[in-house]
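Notes follow the structure.
Numbers here simply count residues along the sequence, with the first being 1.
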Amino acid sequence: MSMKIGNDQFKKRVDDGVNNAFMRFAVSSAQERLRSRRLDAAEELGNWEEWRALGEEIRQHTLENSDYYLEQLTDNVAKRGGHVFFAQTAEEANEYIKNVARKKQAKKVVKSKSMVTEEIHMNAALEELGCEVIETDLGEYILQVDDHDPPSHIVAPALHKNKEQIRDVFQEKLSYKKTEKPEELALHAREMLRKEFLSADIGITGCNFAIAESGSISLVTNEGNARLTTALPKTQITVMGMERIVPTFEEFEVLVSLLTRSAVGQRLTSYVTALTGPRLPGEVDGPEEFHLVIVDNGRSAILGTEFQSVLQCIRCAACVNVCPVYRHIGGHSYGSIYSGPIGAVLSPLLGGYEDYKELPYASTLCAACTDACPVKIPLHELLHKHRQRIVEKEGKAPISEKLAMKAFGLGAASSSLYTVGAKVAPAALTPFMSGSSISKGPGPLKAWTESREFPAPTKERLRDWFDKRSDDDERKHSK
């Protein structure tokens, strides 16, 4: 179940997304708003392409030397009194976290927004132990209250809900009595969550970047909940993907500038926090005990492959915010907590083609995602490589596609068969034609024509047209 957010088949998920009018409107509006703000923020910074190139260079250097920087990070965390655990799998990560909770006899856990904890299904593991896990990010809190509805966007997890729906959820689950005004909804959530912070035994966070030179972990947020999560409980656990590391604070500054502008169009978010180990004597806040769980879960297998550049991702969702496919089907259609173009590349690598073989095809290959990525991941090229691998190495191409390609190969290999096919095609497709287009295609064309028209073959073949034109030209010149 790693990363999976449901068991419906891909086509069912897509149909649900396409037919969800509100979700499509909400996604379209958010995409326009976030994209415009990103472009404005990039223009304000100036020489944006140079910044992107520097971000790419930093991420590539770090990945190519990840063993060195992870060792440096581990040593520096330990020097400050922290504990580090390398988890090869999601199960190992969850077991370590559960052992800490058992040792502390924890009953309540508060956590800030974290994609990697969603990836490993950490909440469910702790709940099996008997712990109450409270999401403190507003969007994640809304989804948790609404019967653990999964996130649909990397940065704005509750994007698919409107304020009336949130009001109804709060009324049903939290005895809410006021209106759908966002200010009133947010205040109610704040009042509910403040009690949870004060009574929590453990605080759990993700990690935007870990700084190897100091053993620090950083959190980039807008709500302040992450600071309460790390300051009030006596025990803090940070869970990070093994690739989320930078060498020094100098590189950290560059990547944070790229992240905040690309994610929400801000120069800086409200809170950029760097935390280094447990509280020292004389310090007034922070945890008494600090644990860093570094998660592999398939990442090391990507290093050194043609897909390594996907690990450059800084989780800004800029690619999601320009994707025309995401605009129409929404985040849940991807079946993974990682949606959009980055999800279509990353999910098959971490979760396997068995569950995610359709995702590389959920793209127009328009390259808008590649152009938007602040660290220059060639996302559309990686999607193409997935398709190539699915067909050539995995043998998981759809049967209809295999048959169609085999038939084309046989026809194209013989000039006589190709000529017959070209002549027969217009007549054979006449029942499916409407004017100059095919609106209800047969076989492999069916999925295409369900949402768009397909140009119908003309009665005159290209070769015939060309020969006729050549003859006309020859007659003109002979005169």
For a quick test of reading the model, state the closest non-hydrogen atom pair linking I217 to C207 and the distance between them.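 The pair with the smallest heavy-atom distance is CB-SG, 4.0 Å.
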
Atom CZ of R35 with >12 non-hydrogen neighbours under 6.0 angstrom: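 Result for CZ/R35: open.
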
Residue pair [X] / [Y], side-chain donor-acceptor N/O under 3.5 Å:
{"X": "H160", "Y": "N20", "answer": "no"}
{"X": "H153", "Y": "Y326", "answer": "no"}
{"X": "R80", "Y": "T276", "answer": "no"}
{"X": "R24", "Y": "H328", "answer": "yes"}

For the NZ atom of K111 and the CG atom of N123, what is their distance to the nearest 0.5 Å?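 Going from NZ on K111 over to CG on N123, the span is 5.0 Å.
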
As an exercise, state the distance from OG of S216 to CZ of F252, rounded to the nearest 0.5 Å.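 Here the interatomic distance stands at 9.0 Å.
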
Answer yes or no: is there a donor N or O on one side and an acceptor on the other, between the side chain of D137 and the main chain of E140, under 3.5 Å?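 It does hold such a pair.
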
Using the side chain to side chain contact (heavy atoms under 4.5 Å, CB included) definition, which of the options L143, I142, D146, D147 pairs with V169?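 That would be D146; it is the only one of L143, I142, D146, D147 passing the side chain to side chain contact (heavy atoms under 4.5 Å, CB included) with V169.
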
Can you confirm if the aromatic rings of Y69 and H61 lie within a centre distance of less than 6.0 Å?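 Judged by ring-centre distance (under 6.0 Å), H61 and Y69 do meet the cut-off.
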
Kindly say whether the aromatic ring centers of H386 and Y361 come within a distance under 6.0 Å.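 Not under 6.0 Å, so no.
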
Would R315 and Y338 satisfy side-chain contact (heavy atoms from CB on, under 4.5 Å), going step by step from the backbone distance to the final call? CA-CA 10 Å; R315 301 295 189 268; Y338 297 116; 3.6 Å; yes

If we only count heavy atoms from C-beta on, is the I337 to P150 side-chain gap below 4.5 Å?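 Side chain of I337 against side chain of P150, heavy atoms only: no contact under 4.5 Å found.
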
